[in-house]
Amino acid sequence: MRIATWNVNSLRSRIDRVEAFLERHDIDVLALQETKAREEQLPLMGLQARGYDVAAHGLNQWNGVALISRVGLEDVAVGFPGQPGWGDPTETEARALGATCGGVRIWSLYVPNGRKPDDPHYAYKLDWLTRLQTAAADWLDQPTALVGDWNICPTDDDVFDVAQFRNSTHVTPAERAAFQAFLDGGWHEVTRAHAPGYTYWDYYRQRFERDRGLKIDFVLGSPALAARVTTAFIDRDERDPSLGSTSPSDHAPVVVDLADA
DNA sequence: ATGGTAGAAATTCTA
């Protein structure tokens, strides 16, 4: 089974790219972030006509997550127990969507950006991560993947210029500790060993052309899932503005292959 | 310290 995660930066503006990506790489399950649409704006008939099941969650024009699967999409859950506002349909920060696809529980996650360390959104980010880790601890004994945009650079190598990120989000010790807590708790980051390099390049200042990016998109697997990973890669071509006739997302997709159970 | 680009929506917000 081949799964992928991609911060698509608007699903409606890039639906053609999504369909081409699914076909190009023969993807079974695709988790999307920053769909920038509410559910009712995403019928996605084209995907359904091609045999994909679709689940989407979004309450505003900024965030939103989705799952696209051709190997089943069962037990869809919006958010997770313990998340701030969980169970409240008006909650605008519920950036998690889970479903069971082909026997694997997959969560499409958009971790809050944090904005700046002194911003309330930063404290919210750390709190959100703590609550996610608590909820996710119950999923460790099943084949589970926590995939998406974590908005954290776990190491200095994941930043093109650490000095430029002093006092910025994504690299603070508290954020890195929050990420490390997942690993200490038994989750395995399964992409790094197979797929070095960045996954995000800012639109500004020709960051992609100069390979000045960040590695912030990850796949964390439970032990049963991590044991099935055979390889992974980052589809940098999807981020390359010189390829294709439409503008790319600022993130590249990350693809992971799983051996049969 | 600022601004650069992109998307959604509607004059600004978010990333």
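Throughout, a chain's letter reflects where its sequence line sits, starting with A, and its residues are numbered from 1. Any value given below was found using the heavy atoms of this structure, including those in side chains, with hydrogens, waters and symmetry copies removed.
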[X] [atom1] to [N] [atom2]: how many Å, rounded?
X        : N      : atom1 : atom2 : value
A/Tyr204 : B/dA15 : OH    : P     : 12 Å
A/Asp118 : B/dA1  : CG    : P     : 11 Å
A/Asn151 : B/dA15 : CG    : C1'   : 8 Å
A/Lys125 : B/dA15 : NZ    : C1'   : 12 Å
A/Asn113 : B/dC13 : CG    : P     : 16 Å
A/Asn63  : B/dA15 : CG    : C1'   : 9 Å
A/Lys116 : B/dA15 : NZ    : C1'   : 13 Å

**Complete:** From the list A/Asp149, A/Thr5, A/Asn7, side chain to side chain donor-acceptor pair (under 3.5 Å) partner of A/Gln33 resolves to A/Thr5
**Prompt:** Counting only distance, no hydrogens or angles, is the base of B/dA15 paired donor-acceptor with the side chain of A/Tyr200 under 3.5 Å?
**Reply:** no
Nucleotides 6-8 of chain B: which of its N/O atoms have a protein N/O under 3.5 Å away?
| from | atom 1 | to | atom 2 | distance (Å) |
| --- | --- | --- | --- | --- |
| B/dG7 | OP1 | A/Arg14 | NH1 | 3.1 |
| B/dG7 | OP1 | A/Ser247 | OG | 2.7 |
| B/dG7 | O3' | A/Ser10 | OG | 3.1 |
| B/dA8 | OP1 | A/Ser10 | OG | 2.2 |

**Prompt:** More 5' along DNA chain B: A/Arg207 or A/Asn7, using each one's nearest nucleotide?
**Reply:** A/Arg207
Roughly how many Å apart are [M] and [N], using the [atom1] atom of each and rounding to a whole number?
N      : M      : atom1 : answer
B/dA9  : B/dT5  : P     : 22 Å
B/dT12 : B/dA1  : P     : 25 Å
B/dA10 : B/dT14 : P     : 14 Å

**Message:** Can you pull out the residues from residues 157-172 of chain A that lie within a 4.0 Å heavy-atom distance of DNA chain B?
**Reply:** none
**Request:** Would you check if the distance from the ring center of A/Phe182 to the ring center of A/Trp150 is below 6.0 Å?
**Result:** yes
**Request:** Answer yes if the side chains of A/Ser247 and A/Tyr203 hold a donor-acceptor pair under 3.5 Å, and no otherwise.
**Result:** no
**Item:** Contacts of type side chain to side chain donor-acceptor pair (under 3.5 Å), residue A/Thr246, not counting sequence neighbours
**Value:** A/Arg17
**Request:** Please test A/Thr130 against A/Asp127 for side chain to side chain donor-acceptor pair (under 3.5 Å), starting from the C-alpha separation and ending with a verdict.
**Result:** CA-CA 5 Å; A/Thr130 299; A/Asp127 182 55; 5.6 Å; no
